[in-house]
Number of protein chains: 2
Amino acid sequence: MAQGRHSATTTRGEQLLFLTDEQLRQGIELMFFAYRGFTADPDRMLEERGYGRAHHRAIHFINRRPGLTVNELLDILRVTKQSLNRVLRQLVEDRLVASRVGREDRRQRNLYLTEAGRQLEQELSAAQRRRMRVAFSNAGPEAVHGFRQVLEQMIDPELREQVLRSLEAARP
Amino acid sequence: MAQGRHSATTTRGEQLLFLTDEQLRQGIELMFFAYRGFTADPDRMLEERGYGRAHHRAIHFINRRPGLTVNELLDILRVTKQSLNRVLRQLVEDRLVASRVGREDRRQRNLYLTEAGRQLEQELSAAQRRRMRVAFSNAGPEAVHGFRQVLEQMIDPELREQVLRSLEAARP
DNA sequence: CAGTTTATGTCAGACATGTTGACATTCCAA
DNA sequence: TTGGAATGTCAACATGTCTGACATAAACTG
């Protein structure tokens, strides 16, 4: 599978974009390494409290959409309700999340951050935003625009609309 | 923490970049959703064989740098050697990876993909490259450039040099 | 309106993958 | 040549995912 600058199957359009296998593979690796950096700061802070990324994700989205139901959170996170439930149970026990029976539909549970929950969210988010801010600043506005465009295109097409709507709909 | 379009702490430079907390948070969520899309295809294919992302990562980097040692792979993946060892043991048992005693230093093990390993790597990588290619194509060359710049900046500064070198050094 | 089905959420057990600790082998330097 | 350092392996435990079984509330249906 040794190959030169452009593989035999590369089309003209892809050449203009430098979409050789090699370029694509570099994009793949960059995604891997960048995501590790992206999660590094919160990971450290969470570990001190005995939490993991799953807790962070729950806290993040509950903060973004206070009062959302377990089912709505499941739809965002795409994990099983059993998996989410364990995380939520801990957060509720630790008084970071409040779970209130739904007013209209009493099967539902509306989720809110407590004051302590908001506090932790702030700490986690501040670290992550700091890194994102530095990355954005160093890369410049054009790059930020490109970053967004590529990442949007990387989302599953069936989910893209939902995700982009949810990005806007936060903190309604 | 209710706040308007620009928080009180937003500086002028950040406004020019739209680096409000809200914009940063949207970047954070985009990163989360995009990474899930990024891993979706390989995840499905791996599951059929009873493997996980850990196997994929090992296969990917062994393919990129045939003959690398366990220690070198550890340095890339940043997991414990015990964790990596379990994954490698399975891959060697399943005849996807060959582990040869080092010629100079017999403590080391040099890792290679077998023909079957290369076959699986091709399948996994083809799916991931397809998604990356579509994303890059739809976003356009400028966007791809920006994507790279931002992602590079998101990597831990201490690791950035090493990572960028390793991107280039692959398939030497 | 009684009985059944559907929706939402919880609890229990299994597997994958991360961790730390103990150990065997090999290399190297005093 | 011997003791420490480097490399890799094996074992036990923690976390977070999954599937399955269940409880409760709402919605449907005859």
Is there a side-chain contact between R49(B) and L120(B), using heavy atoms and a 4.5 Å cut-off?
yes
From CG (N63(A)) to CG (L113(A)), nearest 0.5 Å:
5.0 Å
Side chains of Q108(B) and N71(B): does their closest heavy-atom pair fall under 4.5 Å?
no
When rounded to whole Å, the CZ to C1' distance for the pair R100(A) and dG9(C) reads 18 Å
Rounding to an integer number of Å, can you tell me how far N71(A) CG sits from dT6(C) C1'?
12 Å
Give a yes/no on whether any side-chain N or O of N85(B) is located under 4.0 angstrom from OP1 or OP2 of dG8(D).
no
Rounded off to whole Å, could you give me the CG-to-P distance for the D75(B) and dG8(D) pair?
12 Å
Is the shortest side-chain heavy-atom distance between Q153(B) and R160(B) below 4.5 Å?
yes
Pairwise side-chain contact, R65(B) with E72(B), heavy-atom cut-off 4.5 Å (strictly under):
no
Test item: side-chain donor near acceptor, Q23(B) and R148(A), under 3.5 Å:
yes
Using a strict cut-off of less than 4.0 Å between a Lys/Arg side-chain nitrogen and an Asp/Glu carboxylate oxygen, indicate whether R25(B) and E168(A) qualify as a salt bridge.
no
Nucleotide dT7(D), atom P - distance to CG of L111(B) in whole Å:
14 Å
Please report the distance, rounded to the nearest Å, between CD in Q108(A) and C1' in dA26(D).
10 Å
Decide yes or no on side-chain hydrogen bond (donor to acceptor under 3.5 Å, both in side chains) for H56(A) and E121(A), but give the supporting numbers first.
CA-CA 8 Å; H56(A) 185 191; E121(A) 197 285 331; 6.0 Å; no
Where protein sits on nucleotides 16-23 of chain D, one letter per nucleotide: B base, S sugar-phosphate only, - none, heavy atoms under 4.0 Å
BBBBB---
Atom CG of L74(B) to atom P of dG18(C): distance rounded to whole Å?
11 Å
Whole angstrom value for the distance that separates P of dA7(C) from CD of E72(A)
16 Å
Rounded to whole Å, how long is the line connecting atom CG of D43(A) with atom P of dG18(C)?
13 Å
For R95(B), does the CZ atom have more than 12 heavy-atom neighbours from other residues, nucleotides or ligands under 6.0 Å away?
no
For nucleotides 27-30 of chain C, list the nitrogen or oxygen atoms of the protein found under 3.5 Å from its nitrogen or oxygen atoms, one pair per line.
from, atom 1, to, atom 2, distance (Å)
dC27(C), OP1, R106(B), N, 3.1

